[in-house]
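I have placed the structure first, in the form of structure tokens, so that the comments after it can refer back to it.
Residue numbers run from 1 in the order of the sequence given. Read the numbers this way: they start at 1 and go in the same order the structure lists the ligands and their atoms. Worth saying up front: this structure is predicted, and the values here are computed from it rather than measured.
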Amino acid sequence: MKKIKCLITAGPTREHFDPVRYISNPSSGKMGWFIAQASKEFGWDTTLVLGPSALPNIDGVNVERVVSAEDMLSVCRKHFDDCHILIMSAAVSDVRPKMFINHKAKKNEIDLNPQLERTPDILLTLSKEKGNKVLIGFAAETQNVLEYAKGKLEQKNLDAIVANNVGQASTGFASDDNKIDVILRTGEVIDFPQASKKELANSLIKFLSDRFFK
Ligand code: PMT
């Protein structure tokens, strides 16, 4: 049997406007980090592309650390051709400042109405070269969770999307627990009850293996 090669992203990205200031979000990286650990323990060949996070490396996982969305895209591109499945759990910043000042800006240098531009959509970009690969997205939502997640599944040509309600403190960003629903292209919704991110990661990898590689 072939060894499954799994590419996972996790954590936030930081979009700097000077060396010490940036746009980002509260992702800790835990969800994707546990998915990478589960993938490795499941016997998959695992690469984790990790945005800024305090989490350590994982023995037996190729961990590549990145800062910005642009960096994350370029490292993902490097591994994408060779992977069988991409699980995109990173909370990629959707916007970045247009300008970068290459020293710590003095207070009066900071533009109070900075111009922003969109970051590259990594999943959308890679989905154009999907071929036979399995593409799994995440959707972090605070309202109309399943409906918005289904929209992203279609828009980004995914095989499945993990809908994540991030409107409660006990689940979602930076918490130890999470609550997810996996939506398949067929419209089927699989409810994964609230559990630790570690337990959910194990269940998710087992589910994806059964569904896509049996
Ligand atoms: O890291 P933790 O603290 O453990 O928190 C986990 C989590 C809440 C971050 C995680 O479970 C989660 O929901 N991740 C997805 C966050 C997100 O950015 O969702 P989104 O709905 O904005 O994006 C949809 C999909 O497109 C995601 O797979 C995202 O990785 C991808 N995307 C988004 C923007 C962008 N520029 N490029 C992308 O590839």
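- Summarising the contacts of atom 18 (O) of ligand 1 with Ser27, Ala91, Gly11, the nearest heavy atom is found in Ala91.
- The shortest contact between atom 39 (O) of ligand 1 and any protein heavy atom is with Leu123 N, 2.8 Å.
- For ligand 1, none of its N or O atoms has an N or O atom of Gly137 under 3.5 Å away.
- Counting only heavy atoms from C-beta outward, the side chains of Tyr148 and Gln143 approach each other to under 4.5 Å.
- Contact annotation: for Asp94 versus ligand 1, heavy atoms closer than 4.0 Å belong to the side chain alone.
- When all heavy atoms of Leu48 and Gly32 are compared, the closest pair comes out as CD1-O, 4.0 Å.
- Both Leu184 and Phe138 are assigned to one and the same hydrophobic cluster, defined by single-linkage of ILVMFWY side chains at heavy-atom distances under 4.5 Å.
- Of all the listed residues (Lys156, Glu141, Arg118, Arg96), Lys156 holds the heavy atom that lies closest to atom 33 (C) of ligand 1.
- Any N or O atom pair closer than 3.5 Å counts here, and Ala140 shares at least one such pair with ligand 1.
- For the side chain to side chain donor-acceptor pair (under 3.5 Å) test with Asp159, the passing option among Arg211, Lys130, Lys133 is Lys130; the others fail.
- Using a 4.5 Å heavy-atom threshold, the side chains of Met72 and Met88 count as touching.
- Near Gly172, meaning under 4.0 Å from any of its heavy atoms, are these atoms of ligand 1: 5 (O), 8 (C).
- In terms of polar-atom proximity, defined here as any N/O pair under 3.5 Å, Ser28 does make such a contact with ligand 1.
- Of all the atoms in ligand 1, the ones that sit under 4.0 Å from a non-hydrogen atom of Thr119 are 36 (N).
- Taking a cut-off of under 4.0 Å to the non-hydrogen atoms of Asp121, the atoms of ligand 1 that pass are 35 (C), 36 (N), 37 (N), 38 (C), 39 (O).
- Heavy-atom contacts of Gly29 reach the following atoms of ligand 1: 1 (O), 2 (P), 3 (O) (cutoff under 4.0 Å).
- Listed by chain and number, the residues in a side chain to side chain donor-acceptor pair (under 3.5 Å) with Thr9 amount to none (sequence neighbours excluded).
- For ligand 1, the atoms closer than 4.0 angstrom to any heavy atom of Val92 are 18 (O), 34 (C), 35 (C), 36 (N), 37 (N), 38 (C).
- The protein atom (non-hydrogen) at minimum distance from atom 37 (N) of ligand 1 is Ile122 N, 3.1 Å.
- Counting heavy atoms from C-beta on, the side chains of Phe34 and Leu200 never come closer than 4.5 Å.
- Not a single heavy atom of Ser175 sits less than 4.0 Å from an atom of ligand 1.
- Among Lys152, Met88, Lys179, Met31, the residue whose heavy atom lies nearest to atom 6 (C) of ligand 1 is Met31.
- Counting heavy atoms from C-beta outward, Glu64 and His79 have side chains that approach closer than 4.5 Å.
- Listed by number with element, the atoms of ligand 1 under 4.0 angstrom from any heavy atom of Ala139 are 21 (O).
- Considering only heavy atoms from C-beta on, Val92 stays 4.5 Å or farther from Asp94 through its side chain.
- The closest non-hydrogen atom to atom 36 (N) of ligand 1, taken over Ala174, Pro120, Ala201, Ser89, comes from Pro120.
- Counting heavy atoms closer than 4.0 Å to ligand 1, residue Asn164 contributes side-chain atoms (C-beta onward) but none from N, CA, C or O.
- The shortest distance between side-chain heavy atoms of Glu70 and Pro120 falls below 4.5 Å.
- Shown are Val162, Leu86, Leu158, Ile161; of these, the side-chain contact (heavy atoms from CB on, under 4.5 Å) with Ile136 is made only by Val162.
- Of all atoms in ligand 1, listed by their number and element, those nearer than 4.0 Å to a heavy atom of Lys30 are 1 (O), 2 (P), 4 (O).
- For atom 23 (O) of ligand 1, the nearest protein heavy atom (residue, atom name, distance) is Phe138 O, 3.8 Å.
- His16 has its side chain out of reach of Ile101: every pair of non-hydrogen atoms, C-beta onward, lies at least 4.5 Å apart.
- Proximity to Ala90 (heavy-atom distance under 4.0 Å) selects the following atoms of ligand 1: 15 (C), 16 (C), 17 (C), 18 (O), 29 (C), 30 (O).
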